[in-house]
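Input: a single structure, listed below in structure tokens.
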Protein chains: 2
Amino acid sequence: MGSRVTLIDVARHAGVSRTTASYVITGTGRVSTATRERVLASIDTLGYVYNEGAASLRRKGRTIGVIVPNIDRPFFGEVLIGVESTFTDSGYMSLMVSTRDQLDQQARLLRMLREHQVAALAIIPATGSDRDLVNAIHSWDVPTVFLSRYIAGSTEPYVGSDEVRGGYLAADHLVRAHRCRSISYIGGPELGVARIDRLHGVRRAIAESGTGVSLVDVTSESTVEAGLRAGHALSRGELPDGVICHNDSIAMGVARALYEQGRAGATRIIGYDDVAAAQASVPSLTSVATNGRLLGETAAQALLAVISGAEPTVRSHLTEPRLVVRESCGDHIEDRSPS
Amino acid sequence: MGSRVTLIDVARHAGVSRTTASYVITGTGRVSTATRERVLASIDTLGYVYNEGAASLRRKGRTIGVIVPNIDRPFFGEVLIGVESTFTDSGYMSLMVSTRDQLDQQARLLRMLREHQVAALAIIPATGSDRDLVNAIHSWDVPTVFLSRYIAGSTEPYVGSDEVRGGYLAADHLVRAHRCRSISYIGGPELGVARIDRLHGVRRAIAESGTGVSLVDVTSESTVEAGLRAGHALSRGELPDGVICHNDSIAMGVARALYEQGRAGATRIIGYDDVAAAQASVPSLTSVATNGRLLGETAAQALLAVISGAEPTVRSHLTEPRLVVRESCGDHIEDRSPS
DNA sequence: TTGTAAGCGTTATCAC
DNA sequence: GTGATAACGCTTACAA
């Protein structure tokens with residue numbers, strides 16, 4: 001009935017030794033076609049299933065640890081798709097865990113992954129992670145890639161979108177195409193590297209424009225609700241000419257808040273990540289596209305390479321973001337607010 | 001340096017036997033406080049880490065298989081949060097894989113999970129899964145819960161939202177509160193059980209109303225893009241009085257398409273799942289809330305119970321959906337009583 | 001309370 | 001080409 005069928009049973013049934021049976025299963029070693037057939041037949045009739053756990057005791061395991069802050073944020077979801085599909089397509093399984101963006105959870109999960117002997121680790125570190133995390137992972141000595149968020153000062157392999165460039169693209173569009181003189185950056189955790197980098201890009205774009213542009217930045221959670229709150233707060237004062245949001249959820253919240261205040265289209269809004277919903281919102285959302293899926297695939301491929309012995313250290317890799325211009329930053333938006 | 005420290009090393013260092021060391025780690029057996037301290041100290045100084053894989057060779061493993069169609073669909077993301085957090089909080093790890101809603105992938109992944117000796121299985125089956133899947137899982141003999149989608153005729157434990165009720169709530173609102181005489185159901189895979197059940201609910205609501213209401217249903221993918229296409233197709237003809245969409249992504253696409261045709265608000269739209277973006281869309285989306293997270297938690301808890309030996313078969317569990325009324329279904333007649 | 005020893009199912013080494 | 005045999009790191013009766 002159960003998985004009580006072992007390699008020994010197969011070997012006995014096929015009239016060979018465990019070794020030969022093992023050779024057939026793993027494809028290793030030299031086995032005559034005749035015996036191979038026989039073994040395969042036995043496997044089939046006996047209903048044998050390979051025991052990865054037992055095998056891992058001798059050879060390297062085929063399980064990969066994947067750590068993310070929240071599975072439900074659309075962007076991370078896309079990244080996960082990329083990571084997971086790449087690994088399973090190569091015969092590896094992903095042990096996915098979410099830290100809820102909390103450092104203590106992260107430490108705990110890291111330990112559990114260690115106990116599970118994962119062969120590699122892909123991690124989007126929790127906000128606030130520092131050298132301690134890097135050191136812990138480093139001393140552990142398992143191939144690792146940091147994803148989407150990097151740790152300041154770390155030299156570990158990193159795959160992410162070029163945040164500085166993303167901020168630049170957004171601000172440049174506002175300043176040059178729309179002649180904005182005041183810009184607000186909304187959202188993201190205060191110390192998040194993505195936020196800081198994007199703001200750098202924003203400032204650079206402003207500086208390059210040669211015009212005097214005022215910049216205000218506000219932190220917030222990365223949720224629709226937070227965007228709604230931020231939008232209402234914003235509309236209590238004088239609106240900036242343009243708003244850059246830390247992600248699309250916030251942007252949708254801000255746009256909605258302005259709409260509720262009867263000021264739809266009163267300022268230009270740019271989101272970040274270009275998730276699926278961006279194109280369907282009203283107004284449709286201009287957004288900095290980052291292609292999370294590609295990010296995930298890239299990271300996974302890098303890890304697979306290292307595991308396969310391609311020793312040469314994985315180098316960091318930045319993908320190029322792209323600005324997708326839609327209605328939310330346009331001047332052509334009619335005022336559809338409820339009168 | 002690496003994880004070369006084994007229980008033997010710990011035992012030697014602490015001056016005890018493997019057994020005692022093992023007792024300390026697992027909390028099993030009787031050990032004097034003195035020796036326990038000593039062992040723990042050794043573990044610390046030696047940097048020992050438990051080897052779950054090796055342990056699983058003797059006792060039951062602590063890894064759970066989780067199969068979903070797509071990680072990136074917001075609703076499934078919520079379900080996963082519930083499943084994963086519940087399991088990790090209990091010391092189990094989730095081996096998550098996505099089938100891309102394809103049967104061959106699903107079969108392959110099922111096999112891999114088996115080889116990894118998972119202690120239990122939570123699965124949202126791919127569209128089109130049938131008795132074959134149930135039989136395969138059943139003969140495998142591992143505690144299993146079907147999640148969110150059930151297999152027709154299967155008696156395996158199932159945790160999901162009451163789809164019939166959801167369809168009823170949506171249609172009842174359209175028919176009674178808005179006096180709709182024509183309704184379209186848009187989206188979902190043709191043979192999906194959720195779709196079929198919801199349509200049952202819709203028909204029941206129509207029948208109960210005693211009025212003659214025409215019902216049209218169209219299948220589609222569950223994406224924003226598909227919603228856009230469906231919305232444009234819809235607006236080429238005469239619009240129905242009300243539209244029920246298979247999920248919120250489709251609903252947002254439909255609403256957007258109408259907007260693009262200059263017919264925003266020309267019909268009432270109801271979405272499904274009530275994902276975060278629903279409240280921020282313009283118009284904000286009326287939606288049937290299903291609480292995916294709770295679903296995931298419930299399923300995980302049921303599995304944990306079975307694993308812990310609470311033999312009595314997990315019974316199926318349906319959660320009650322709730323209609324969240326917002327702007328997209330328009331001019332509300334004050335009738336908030338779809339209790 | 002602690003130690004001895006027999007597995008768990010696989011792979012690696014080295015003979016034949 | 002094929003087959004003994006020794007690991008791999010841990011759990012768990014059974015003794016002491």
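Because the structure is a prediction, the values reported are computed rather than measured.
Ionic pairing of B/Asp89 and A/Arg100 is present here: one or more N-O contacts between side-chain nitrogen and carboxylate oxygen are shorter than 4.0 angstrom. Ionic pairing of A/Glu52 and B/Arg114 is not present here: no N-O contact between side-chain nitrogen and carboxylate oxygen is shorter than 4.0 angstrom.
Between C/dT10 and A/Ser22, no contact under 4.0 Å exists linking OP1 or OP2 to a side-chain N or O. Between A/Thr20 and D/dT2, a side-chain N or O to OP1/OP2 separation shorter than 4.0 Å is absent. Considering only side-chain N and O atoms, B/Thr6 lies under 4.0 angstrom from the phosphate OP1 or OP2 of D/dC10. Side-chain nitrogen and oxygen atoms of A/Ser56 include none within less than 4.0 Å of the OP1 or OP2 phosphate oxygen of D/dC8.
Rounded to 10°, the angle separating the first-five-pair axis and the last-five-pair axis of the helix from C/dT1-D/dA16 to C/dC16-D/dG1 equals 30°.
A donor N or O paired with an acceptor N or O is found under 3.5 Å between the base of D/dA4 and the side-chain atoms of A/Thr19.
Each of D/dC8, D/dT11, D/dT2 was ranked by its minimum atom distance to the side chain of A/Leu57; first place goes to D/dC8. Between C/dT11, D/dC10, D/dT2, one nucleotide has an atom nearer to the side chain of B/Arg18 than all others, and that is D/dC10.
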Result block: side-chain N/O donor-acceptor pairs under 3.5 angstrom for residues 125-133 of chain A, not counting sequence neighbours:
unit_1, atom_1, unit_2, atom_2, d
A/Thr127, OG1, A/Asp101, OD1, 3.2
A/Thr127, OG1, A/Asp101, OD2, 2.8
A/Thr127, OG1, A/Arg149, NH1, 3.3
A/Ser129, OG, A/Gln106, NE2, 2.9
A/Ser129, OG, A/Ala126, N, 3.3
A/Ser129, OG, A/Ala126, O, 2.6
A/Asp130, OD1, A/Asp132, N, 3.1
A/Arg131, NH1, A/Gly153, O, 2.6

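Between A/Asp9 atom CG and C/dG9 atom P there is a gap of 9 Å when expressed in whole angstrom units. Note: CZ (B/Arg59) to C1' (C/dG7) measures 16 Å, nearest angstrom. Counting to the nearest Å, the P atom of D/dC10 and the CZ atom of B/Arg4 are 11 Å from each other. We find that CD1 of A/Ile8 is positioned 13 Å from C1' of D/dA4, with the value rounded to whole Å. Between A/Tyr48 atom OH and C/dG9 atom C1' there is a gap of 7 Å when expressed in whole angstrom units. Residue A/Glu52 contributes atom CD, which lies 15 Å from atom C1' of C/dC8 at whole-angstrom precision. Protein atom CD1 of B/Ile25 is 11 Å distant from nucleotide atom C1' of D/dT11, rounded to whole Å. Note: CD (A/Gln117) to C1' (D/dG9) measures 9 Å, nearest angstrom.
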*Decide yes or no on side-chain hydrogen bond (donor to acceptor under 3.5 Å, both in side chains) for A/Thr20 and A/Ser17, but give the supporting numbers first.*
CA-CA 5 Å; A/Thr20 309; A/Ser17 73; 3.3 Å; yes
*Is there a side-chain hydrogen bond (donor to acceptor under 3.5 Å, both in side chains) between B/Ser98 and A/Glu84 once you walk through the steps?*
CA-CA 8 Å; B/Ser98 74; A/Glu84 187 268 345; 3.0 Å; yes
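Here B/Thr290 pairs with B/Asp273 under the side chain to side chain donor-acceptor pair (under 3.5 Å) rule; sequence neighbours left out.
Note on A/Thr28: nothing from the nucleic acid sits closer than 4.0 angstrom, heavy atoms only.
Comparing B/Arg58 and A/Tyr23 along DNA chain C, the residue whose closest nucleotide (by nearest heavy atom) sits nearer the 5' end is B/Arg58.
No close placement of the B/Tyr158 and B/Phe146 rings is indicated, their centers lying 6.0 Å or farther apart.
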